[in-house]
Asks: 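Here's a structure for you.
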Amino acid sequence: MRVTRLFAATALALASTFALADDAEQAIRKTLDTLQLDVPIEAVSSSPFNGLYEVRLKGGRVLYASADGQFVMQGYLYQMQGGKPVNLTEKTERAAIAKTINAIPAGEMVVYPAQGEAKAHITVFTDTTCPYCQKLHAEVPELNRQGIEVRYLAFPRQGLGSEGDQQLQAAWCSADRRSALNKLISGKDVDAAKCANPVSKQFALGQSIGVSGTPAIVLQDGQVIPGYQPAAQVAKLALAAQ
């Protein structure tokens with residue numbers, strides 16, 4: 001009888017927990033709907049901090065909310081582990097970004113493969129009209145020599161319809177994307193017929209993970225490095241991010 005009562009009590013407690021979690025998710029989603037977020041909500045779940053819920057947005061960014069949905073905040077949540085602060089928010093966001101970026105098919109990118117053994121890869125949101133993107137591109141051969149594969153995604157920094165957008169579409173619609181991108185970045189014209197291309201989709205993806213300028217370098221672990229970095233520093237970061 002005791003065992004029966006124990007199982008019954010446990011089942012009741014679990015049911016209550018699930019009901020509360022479901023109510024909290026509904027309340028939080030209702031609140032966020034009123035905020036008219038441009039990014040879809042992927043999941044709502046309990047956070048390590050009691051009473052605080054984690055809201056994962058498409059692309060990887062994280063928000064936090066109270067169970068009743070009356071309080072919503074954006075910021076870093078730290079936890080002391082072994083006497084040291086661990087940034088739980090950054091850890092969650094990086095994992096989500098890595099999963100999203102690393103799942104993009106190679107056929108949708110412009111890829112510059114590593115020479116010899118591939119030791120790591122980076123994914124770069126680029127714009128052909130961006131001076132610092134041009135500077136980084138000049139160092140791609142050195143990155144390739146160091147075993148770093150460079151994968152490009154399109155991010156027209158001045159928006160869709162801009163000169164950068166038109167150039168990026170021309171690159172992605174070319175039979176030889178690498179050659180076309182090389183020419184455009186060096187200031188030459190490329191004549192390519194219009195085609196279905198992923199430029200606008202990649203632009204939206206970049207915005208969803210917090211990219212606001214170019215170049216933006218995404219490491220394998222999901223860390224986003226904004227702005228230009230010399231090849232030696234990029235290689236060091238890329239190799240450490242595996």
Side-chain angles (χ1 to χ4, degrees), residues 13-104 122-125 127 153-160 200-229 237-238 240-242:
L14 287 172
S16 298
T17 299
F18 292 144
L20 287 172
D22 188 57
D23 289 344
E25 179 173 354
Q26 290 183 29
I28 291 167
R29 285 183 177 275
K30 183 177 180 181
T31 295
L32 293 176
D33 283 344
T34 65
L35 295 177
Q36 298 182 334
L37 299 176
D38 293 330
V39 183
I41 299 169
E42 286 203 331
V44 177
S45 59
S46 298
S47 79
F49 186 86
N50 188 33
L52 194 66
Y53 281 76
E54 180 183 275
V55 182
R56 294 197 299 277
L57 304 178
K58 184 177 181 181
R61 285 188 288 181
V62 171
L63 301 176
Y64 296 99
S66 59
D68 59 6
Q70 294 302 300
F71 296 89
V72 178
M73 60 175 283
Q74 182 177 18
Y76 291 133
L77 177 64
Y78 289 87
Q79 182 180 23
M80 296 301 295
Q81 295 181 3
K84 296 182 180 180
V86 175
N87 190 328
L88 300 180
T89 308
E90 189 174 76
K91 187 176 180 180
T92 299
E93 289 183 340
R94 284 188 183 183
I97 290 171
K99 182 179 180 181
T100 299
I101 295 295
N102 294 332
I104 298 173
I122 60 171
T123 305
V124 182
F125 285 90
D127 182 334
L153 295 177
F155 192 88
R157 60 198 172 104
Q158 295 178 323
L160 300 178
S200 61
K201 181 174 71 173
Q202 292 176 5
F203 180 58
L205 171 61
Q207 290 179 311
S208 75
I209 67 171
V211 173
S212 58
T214 52
I217 303 167
V218 185
L219 306 180
Q220 281 182 243
D221 65 357
Q223 181 181 358
V224 181
I225 310 296
Y228 165 81
Q229 296 281 339
L237 291 168
Q242 295 185 83

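We number each residue from 1, following the sequence as shown.
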Asks: If every non-hydrogen atom of D68 is compared with every non-hydrogen atom of A27, which pair is closest and at what distance?
Replies: O-CB, 3.7 Å

Asks: Under the rule for salt bridge (charged side-chain N to carboxylate O under 4.0 Å, His left out), what residues qualify as partners of R56, not counting sequence neighbours?
Replies: E54

Asks: Could you give me the CA-CA distance, side-chain angles and deciding distance for L35 and L32, then say whether side chain to side chain contact (heavy atoms under 4.5 Å, CB included) is met?
Replies: CA-CA 5 Å; L35 295 177; L32 293 176; 3.7 Å; yes

Asks: Which atom pair, heavy atoms only, marks the closest approach of P156 to A154?
Replies: CD-C, 3.9 Å

Asks: Looking only at heavy atoms, what is the nearest atom pair of E93 and R61, with distance?
Replies: OE2-CA, 3.5 Å

Asks: Where is the tightest heavy-atom contact between G69 and T31, given as atom of each residue plus distance?
Replies: O-OG1, 2.6 Å

Asks: Within the structure provided, determine whether P40 and K58 are in side-chain contact (heavy-atom separation under 4.5 Å).
Replies: yes

Asks: Please test I209 against T100 for side chain to side chain contact (heavy atoms under 4.5 Å, CB included), starting from the C-alpha separation and ending with a verdict.
Replies: CA-CA 10 Å; I209 67 171; T100 299; 5.6 Å; no

Asks: Going from CD on Q220 to OG1 on T123, what distance comes out if it is rounded to the nearest 0.5 angstrom?
Replies: 8.0 Å

Asks: What I'd like to find out is whether the side chain of L219 reaches to under 4.5 Å of the side chain of I122, using heavy atoms alone.
Replies: yes

Asks: Considering non-hydrogen atoms only, spot the tightest contact between P48 and L88 and give its length.
Replies: CG-CD1, 3.7 Å

Asks: Please name the pair of heavy atoms, one in D221 and one in A241, separated by the smallest distance, quoted to 0.1 Å.
Replies: CB-O, 3.3 Å

Asks: Find out whether S45 and Y53 are in side-chain contact, i.e. whether some heavy atom of one side chain is under 4.5 Å from a heavy atom of the other.
Replies: no

Asks: Side-chain contact, heavy-atom cut-off 4.5 Å: V218 with N102?
Replies: no

Asks: With a 4.5 Å limit on heavy-atom distance, are the side chains of L237 and I225 in contact?
Replies: yes

Asks: Nearest 0.5 Å, please: how far is CD1 in I28 from CG in D23?
Replies: 11.0 Å

Asks: Could you check whether the rings of F155 and F125 sit parallel, tilted or perpendicular, using 30° and 60° as the cut-offs?
Replies: perpendicular

Asks: Taking the side chain as every heavy atom from C-beta outward, state whether L57 and I41 have any atom pair closer than 4.5 Å.
Replies: yes

Asks: Mind running side chain to side chain contact (heavy atoms under 4.5 Å, CB included) on L205 and V211 for me, showing each step along the way?
Replies: CA-CA 9 Å; L205 171 61; V211 173; over 6 Å; no

Asks: What side-chain donor-acceptor pairs closer than 3.5 Å can you find for residues 71-78, not counting sequence neighbours?
Replies:
residue, atom, partner, partner atom, Å
Y78, OH, N87, ND2, 3.4

Asks: Treating D127 as the side-chain partner and R157 as the backbone partner, does any N or O pair qualify as donor plus acceptor under 3.5 Å?
Replies: yes

Asks: For the atom pair CD (Q158) and OG1 (T214), what is the distance rounded to the nearest 0.5 Å?
Replies: 9.0 Å

